[in-house]
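Side chains are part of it too, since the values below use all heavy atoms of this structure and drop only hydrogens, waters and symmetry mates.
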Amino acid sequence: MKVVAAIDSFKGSMTSMEAGNAVKKGILAAKPDVEVWLSPLADGGEGTVDALIEGLGAEKIPVTVAGPLGEKVSCYYGFLEETKTAVMEMASAAGITLVIKKDPLRASTYGVGEMIADALKRGCKNFMIGIGGSATNDGGVGMLQALGAEFLDEGGKQVPFGARGVENLAAINCEHMLPELKDCDFRIACDVDNPLCGENGCSHIFGPQKGATPEMAEQMDQWMEKYAE
């Protein structure tokens, strides 16, 4: 008999591999001659990088970046030298588990951009990024700011971090973005298909878990629609 154990992580308790090994141990205790194959699994949120590092045999690259509210956090991403591929998860740099008090109006994806910039220095051309589990609702503005983009208010100044910055946005200038980006390929890992705006959009559906009130979610939805335009 052959058994495949492909189990997602148990948030805050076990990684995908730890859960799989527990299943394997139980199966072998009942039937020692069974062949058990472990397949790490993730949904784009916490544990995605660990699963892919294990599954792909990637090198773990530690890096210190800005957390969702500006504090420094230590995280890591996976690096495949042969294919110049970086495997990342937004949750490690801008994750909801990194904040004590949720504040989507201030929380930024800047640290995600810093991770990407670090990988660019290593020559990465291909990126696989899981986007689940974030504390943010900034439309990726912080990430792009870290990569050189300018998001400006009516006075020509950089907008503040977080959804508040999206509210004040009047112009976007990409002239000074890192030139290496034009040769890169990005693939995004997630398990939802919500649109950007509307009653099923990101602000209304995911805003509450990031600390948004219904009124705040409606405001952020309007700002996001303006951002898209």
Side-chain angles (χ1 to χ4, degrees), residues 44-45 65-71 88-96 98-99 101-117 120 127-182 184-229:
V65 300
L69 295 178
E71 73 292 358
M88 303 178 170
E89 62 186 48
M90 184 181 292
S92 68
I96 200 166
L98 299 176
V99 298
K101 184 177 181 180
K102 302 171 184 176
D103 188 354
L105 295 182
R106 291 178 51 228
S108 170
T109 53
Y110 194 91
V112 180
E114 290 183 305
M115 271 202 303
I116 293 172
L120 289 174
F127 290 80
M128 189 184 306
I129 305 179
I131 61 170
S134 84
T136 60
N137 203 93
D138 71 347
V141 168
M143 173 191 70
L144 294 168
Q145 286 175 320
L147 294 171
E150 296 177 329
F151 288 79
L152 310 174
D153 61 19
E154 292 287 355
K157 296 180 180 180
Q158 285 271 20
V159 298
F161 289 141
R164 282 294 184 199
V166 182
E167 176 191 16
N168 298 330
L169 182 61
I172 302 173
N173 180 16
C174 297
E175 292 180 7
H176 305 297
M177 289 188 72
L178 298 179
E180 298 92 336
L181 289 166
K182 69 179 185 301
C184 294
D185 178 69
F186 287 83
R187 296 189 180 189
I188 306 304
C190 67
D191 61 349
V192 300
D193 58 2
N194 299 79
L196 182 66
C197 304
E199 62 181 15
N200 290 317
C202 61
S203 300
H204 281 294
I205 299 300
F206 303 110
Q209 65 184 233
K210 305 172 195 291
T213 62
E215 294 78 13
M216 193 187 301
E218 178 60 31
Q219 284 184 318
M220 292 193 300
D221 183 67
Q222 294 175 13
W223 301 342
M224 203 64 68
E225 186 171 1
K226 173 186 170 185
Y227 173 32
E229 292 173 356

TODO: Would you give the length of the straight line joining atom CZ of Phe161 to atom CG of Leu69, rounded to the nearest 0.5 angstrom?
DONE: 11.5 Å
TODO: Heavy atoms only: give me the nearest Ser203-Asn137 pair and the separation to one decimal.
DONE: OG-ND2, 3.1 Å
Open item on the list: Can you see whether Gln219 engages Glu215 through a side-chain donor-acceptor pair at a distance of less than 3.5 angstrom?
Closed with: no
Task: Reported OH-to-CG distance for the pair Tyr110 and Leu144, which is rounded to 0.5 angstrom - done: 11.5 Å
- [ ] Begin from the C-alpha positions of Lys226 and Glu229 and carry the test salt bridge (Lys or Arg N to Asp or Glu O under 4.0 Å) through to its verdict.
- [x] CA-CA 5 Å; Lys226 173 186 170 185; Glu229 292 173 356; over 6 Å; no
Task: Heavy-atom closest contact (Met143 atom, Ile116 atom, distance) - done: SD-CD1, 3.9 Å
Open item on the list: Heavy-atom count check: over 12 atoms from other residues, nucleotides or ligands less than 6.0 Å from Glu199 CD?
Closed with: no
TODO: Quick one: closest heavy-atom pair of Leu98 and Glu71, and the distance?
DONE: O-OE2, 3.9 Å
TODO: Identify the heavy atoms of Ala93 and Pro68 that sit nearest to each other, and give their distance.
DONE: O-CD, 3.4 Å
Open item on the list: For the CE atom of Met90 and the CE atom of Met115, what is their distance to the nearest 0.5 Å?
Closed with: 8.5 Å
- [ ] For the residue pair Ser92 and Val65, establish whether any side-chain heavy-atom pair is separated by less than 4.5 Å.
- [x] no
Task: side chain to side chain contact (heavy atoms under 4.5 Å, CB included), paired with Phe206, selected from Ile96, Thr136, Val192 - done: Val192
Task: Donor-acceptor pair, side chain of Asn200 and main chain of Asn194, under 3.5 angstrom - done: no
Open item on the list: Donor-acceptor pair, distance only, cut-off 3.5 Å: does the side chain of Asp221 make one with the backbone of Cys197?
Closed with: no
- [ ] Considering non-hydrogen atoms only, spot the tightest contact between Met220 and Gly207 and give its length.
- [x] CE-CA, 4.5 Å
Task: Side-chain touch Glu150/Gln158, heavy atoms, less than 4.5 angstrom - done: yes
Task: Heavy-atom donor-acceptor pair, Lys210 side chain to Ser134 backbone, under 3.5 Å - done: yes
TODO: Look at the rings of Phe127 and Phe186 and say which category their plane angle falls in: under 30° parallel, 30 to 60° tilted, over 60° perpendicular.
DONE: parallel
Open item on the list: Checking side chain to side chain contact (heavy atoms under 4.5 Å, CB included) between Phe151 and each of Asp138, Val159, Asn168, Asn173, which is the one that passes?
Closed with: Val159
- [ ] Under the side chain to side chain contact (heavy atoms under 4.5 Å, CB included) rule, what do Leu120 and Cys184 come out as? Steps first, then yes or no, please.
- [x] CA-CA 9 Å; Leu120 289 174; Cys184 294; 3.5 Å; yes
Task: Interatomic spacing from CE in Met216 to CD in Glu218 - rounded to 0.5 Å - done: 13.0 Å
Task: Straight-line distance of Leu147 CG to Met177 CE, nearest 0.5 Å - done: 5.0 Å
Task: Closest contact, heavy atoms only, Ala91 versus Gly132 - done: CB-O, 3.5 Å
